[in-house]
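A note on names: the letters A, B, ... follow the listed sequences, proteins ahead of strands, and every chain is numbered from 1.
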Protein chains: 2
Amino acid sequence: MKKRVTIQDLAKELGTTPSTVSRALRNHAAISKSMKKRVIELAKKRNYQVNAMASGLRVGKSKTIGVIVPRINRDFFSNVIAGVEDISFESGYTVVICQTHDRFEKEKQYINTLIGSGVGGILVSVSLETTTFEHFDEVNRLGIPLIFFDRVSTNSSINKIQNNDKVGAYKAVCHLIDNGYKKIAHFSGPEHLNVYKDRKDGYLEALEKNGIAINDAFIVHHDLKIEDGRKDMQRLMESKNPPDAIFSSSDYSALGALLYLKENGFSVPNDVGVVGYSNEKFTALTSPGLTSVDQHGSEIGQYAAKVFLEEINNKGKKVPRTIILDPNLIIRNSSNRKLDK
Amino acid sequence: MKKRVTIQDLAKELGTTPSTVSRALRNHAAISKSMKKRVIELAKKRNYQVNAMASGLRVGKSKTIGVIVPRINRDFFSNVIAGVEDISFESGYTVVICQTHDRFEKEKQYINTLIGSGVGGILVSVSLETTTFEHFDEVNRLGIPLIFFDRVSTNSSINKIQNNDKVGAYKAVCHLIDNGYKKIAHFSGPEHLNVYKDRKDGYLEALEKNGIAINDAFIVHHDLKIEDGRKDMQRLMESKNPPDAIFSSSDYSALGALLYLKENGFSVPNDVGVVGYSNEKFTALTSPGLTSVDQHGSEIGQYAAKVFLEEINNKGKKVPRTIILDPNLIIRNSSNRKLDK
DNA sequence: TTGAAAGCGCTAACAA
DNA sequence: TTGTTAGCGCTTTCAA
C-alpha cells in the first residue's frame with residue numbers, strides 16, 4: 001500500500017520545484033515547452049493524479065458540479081443528467097449525482113454536503129416536499145452558482161431552465177378535445193411546485209378556450225404514483241358523473257389510470273382517453289401506447305450546465321438567466337379515438 | 001459573498017482552540033460534555049459545515065463512496081444505488097454516482113477522478129467494453145477498498161457481490177421447457193462479461209439436463225439493445241428452422257423480440273415464448289407481460305456497501321468476500337403457454 | 001522562465 | 001480535559 005504520487009515527487013525526480021510542476025501540468029503560459037513536455041511525460045509515466053482535495057482546498061472550490069434530482073430512475077432526470085455530463089465533461093468538471101427520493105430532509109442534507117465538499121456549482125430540481133427555499137440561502141451567500149431546472153423556486157432572481165409546462169398541458173388537453181373528449185379530468189401534484197401548477201393552468205386554459213365548463217370534481221390532487229392513478233380513476237369512474245378522458249401531470253398516475261380502465265373492461269381510447277406527462281420510456285410499451293408530453297431532458301441538462309459555466313466565467317456579475325423550452329406532445333393510441341360521426 | 005465559517009471562527013467565538021472544536025464536533029471522548037454542547041450549539045447557530053476538502057486532505061481520504069455503473073436508468077442499477085445509499089448514509093458516507101454509458105474510457109477516467117478526489121472506496125459494475133482490469137491496479141495499490149458487483153472481474157482475490165446468473169438462466173429455460181417449448185434460442189452479450197457467460201451456461205445446462213440438443217444457430221451474440229433483439233428475432237423467424245421460444249440475457253433485446261413478433265402476427269406466448277432478464281419495470285407493462293429474472297438490486301447494493309464498511313473497519317486485513325444471491329424468476333404471460341394436450 | 005515561501009482548513013501527536 | 005504545533009498537497013504571490 002504505497003502512498004500516492006505527488007507533485008513533490010515529480011519535482012524531485014525532475015530536479016525542479018513543485019510550483020513549476022504545478023504550472024506545467026496546468027499548461028501555464030510562463031513555462032517553457034521543454035519543461036512542460038518533461039513534466040507531462042513523467043506525470044503520465046508515474047500515473048500521477050492530481051489530488052483534488054489539496055487543489056480544492058487551496059483554490060477554495062473543487063471542479064465538480066452537484067446535480068440534485070428527486071430520482072435518477074425517471075427517464076426525464078436521467079436524460080437531464082446525461083445532458084449535464086456531456087457539457088461539463090468538456091470543461092473538466094466531474095458531476096456528482098444526488099437523489100433526494102423526493103424528501104425535503106435529503107435535499108437539505110445534500111445541499112450541505114455539496115457545500116462542504118466545495119462544489120463549483122449546484123444544479124437542482126427540488127423535491128415534492130420542498131415548499132421553502134431557505135436551505136439555498138447559504139449557497140447564494142457563498143457565491144456558489146445555483147441553477148434550478150424543471151421544478152424551480154418561484155424566486156425570480158435565479159437561474160432556471162424549464163419547460164413551458166402550461167403550453168405542454170394546453171397542447172395535451174386541446175388534443176383530447178380535438179378527439180372528441182368533453183369530460184376531461186386532471187390528475188395534478190402538489191400545487192406549490194411550479195410544474196404542477198402550470199400544467200393545471202394549461203389544462204384550465206384549454207378547457208376555457210374551447211368553451212368547456214370546469215368541473216372541480218374532475219380535478220384531483222395526489223402524489224402521482226401508479227397506485228394514486230389507479231385509485232382515483234376508480235373513484236371517478238364509479239362516481240355519478242364519470243369523465244371520458246384523463247390528463248395526468250405524470251406518466252405514472254396516467255399508467256395507473258390506464259391499468260384500472262383495462263382491468264375493468266373500459267376501452268381506451270374509445271370509452272376513455274388517457275394522456276400522461278414526461279414521455280417515460282414505458283409510455284411507448286403500454287397497450288395502447290400512452291400519449292405523453294416530452295420534456296427535452298437532455299437539452300435541459302445541457303442548458304443547465306452551460307449556464308453554470310457562464311456563471312463561473314462571469315464571476316461577480318450576476319445576471320440570472322431563464323431558459324424556457326416548449327415541450328412536444330407525443331401522440332399515441334391512448335387518446336387517438338376514432339370519432340363516430 | 002462572505003467566506004464560509006471555519007473551525008477557527010467557532011474557536012475564536014468560544015474562546016477555545018480549533019483542535020477542541022474539531023474534537024467536540026466529532027464527539028471525541030476526551031472532550032467535556034459542556035464543551036461539546038457549547039460547540040455543537042454554536043456550530044448549528046452559525047450554520048457551520050465541515051470543509052470536506054481540508055478534512056480529507058488531512059486524513060488522506062474523504063467520506064465518500066464512488067459507485068460506478070454502466071447506466072443509471074436501468075432499474076437494476078438504480079435499485080443497487082438506492083441500496084448503497086441506504087447503508088452508507090447511516091455511516092455518514094456520501095455516495096458519488098458515476099455512469100460509464102458502457103464505455104471503457106469513461107470507466108478509466110472515473111477511476112482516476114475518484115482516486116484523485118480521495119474516495120474512501122469504490123463499488124463498480126464494469127462496462128460492456130471492459131476486458132482488462134489494469135485500471136484497477138492503482139486502486140488496489142493505494143489500498144482503496146474495491147468491491148465489484150454484478151459484472152465482476154474474473155480475478156478471484158477480490159470482493160464481489162453477484163447474482164448466481166447460471167441459476168437464474170437455468171430456472172428461466174426450465175420454465176420454458178415446462179411450458180412445452182422445445183426450440184429455445186438465446187440472446188447473449190459479450191462473453192468476456194461473467195454475467196453473460198454464466199447465463200449462457202445456465203441455458204446450455206438446462207437444455208442438456210432436459211435432453212434437448214443444442215443448436216448453435218439458436219445462440220446469438222449481440223449488444224442486447226431493443227433493436228438488436230428486433231433484428232435477430234426477425235432473422236431467426238425467417239430462417240429455415242425458426243425457434244419456438246427465446247431466452248434473452250436482457251429485457252431490452254427480449255422486448256425487441258416481443259415487438260417484432262407482435263408486429264408480424266406471431267402470437268406470444270402461443271407461437272413463441274419470450275423470457276428476458278433483469279425484471280425491468282417495463283416488463284410488467286408489455287402485452288403480454290414479459291417473464292423475467294429479478295436480480296435483487298437493492299440487496300446487492302446493500303451488501304456492497306456493507307462489505308465496503310467491513311473493509312474500512314478491518315483496515316489492513318484483506319479477506320476478500322464473495323456474496324452470491326439466487327435470483328428469482330418472475331413468470332408473466334409471455335411464456336405462459338396453454339399447452340394443448 | 002523558474003524558485004521560495006506561505007497558507008487554504010483541518011486533524012492528531014505531543015505537551016500541559 | 002484542553003492547547004500547541006506541524007503538515008496533508010496544492011496554488012499563487014513575490015522575488016530572482
Q: By nearest nucleotide on DNA chain C, pick out whichever of B:V50 and A:S19 is the more 5' one.
A: A:S19
Q. According to a strict under-4.0 Å criterion, is A:S55 in side-chain N/O contact with OP1 or OP2 of D:dG9?
A. no
Q.
Whether the side chain of A:R38 and the base of C:dT1 hold a donor-acceptor pair under 3.5 Å is what I'd like checked.
A. no
**Q.** Value in whole Å for how far the C1' atom of C:dG7 lies from CG of B:N51
**A.** 13 Å
**Q.** Distance, rounded to the nearest Å, where B:M53 contributes CE and D:dG9 contributes P
**A.** 16 Å
Q.
Between P on D:dC10 and NE2 on A:H28, what's the gap in Å once rounded to a whole number?
A. 17 Å
Q. Looking at A:R26, does any N or O in its side chain come under 4.0 Å of the phosphate oxygens OP1/OP2 on D:dT12?
A. yes
Q: Show your reasoning for whether side-chain hydrogen bond (donor to acceptor under 3.5 Å, both in side chains) applies to B:E138 and A:Q49.
A: CA-CA 10 Å; B:E138 184 75 2; A:Q49 191 63 38; over 6 Å; no
Q) Does OP1 or OP2 of D:dC10 have a side-chain N or O of A:Y48 closer than 4.0 Å? A) yes
Q) Given D:dG3, is OP1 or OP2 found less than 4.0 Å from the side-chain N or O atoms of B:T17? A) yes
Q) When the distance from NZ of A:K12 to P of D:dG9 is rounded to whole Å, what number comes out? A) 11 Å
Q. Can you find a donor-acceptor pair, distance only, under 3.5 Å between A:R23 side chain and C:dG3 base?
A. yes
(Q) Can you tell me if B:T20 touches the phosphate of D:dG3, counting only side-chain N or O atoms and a distance under 4.0 Å to OP1 or OP2? (A) yes
Q. Within the side chain of B:T6, is there an N or O that forms a donor-acceptor pair under 3.5 Å with the backbone of B:Q8?
A. yes
Q: Would you please name every residue forming a side-chain hydrogen bond (donor to acceptor under 3.5 Å, both in side chains) with B:N112, sequence neighbours left out?
A: none
Q. C:dG9 P sits how many Å from B:L10 CG, rounded?
A. 12 Å
Q | Interatomic distance, A:Q8 CD vs C:dA6 P [rounded to whole Å] | A | 15 Å
Q.
Rounded to whole Å, please give me the gap between NZ in B:K33 and P in D:dT2.
A. 12 Å
Q | A:F76, CZ atom: more than 12 neighbouring heavy atoms under 6.0 Å | A | yes
Q.
Rounding to an integer number of Å, can you tell me how far A:K3 NZ sits from D:dC8 P?
A. 10 Å
(Q) Categorize A:L57 for me: base, sugar-phosphate, or nothing, with a 4.0 angstrom heavy-atom threshold over every strand shown. (A) base
Q: Return yes if some donor-acceptor pair links the side-chain N/O of B:E107 with the main-chain N/O of B:S127 below 3.5 Å, else return no.
A: yes
Q.
Is A:S32 close enough to C:dT2 that one of its side-chain N or O atoms is under 4.0 Å from OP1 or OP2 there?
A. yes
Q.
Both B:P18 and B:A54 contact DNA chain D. Taking the nearest nucleotide for each, which residue is further toward the 5' end?
A. B:P18
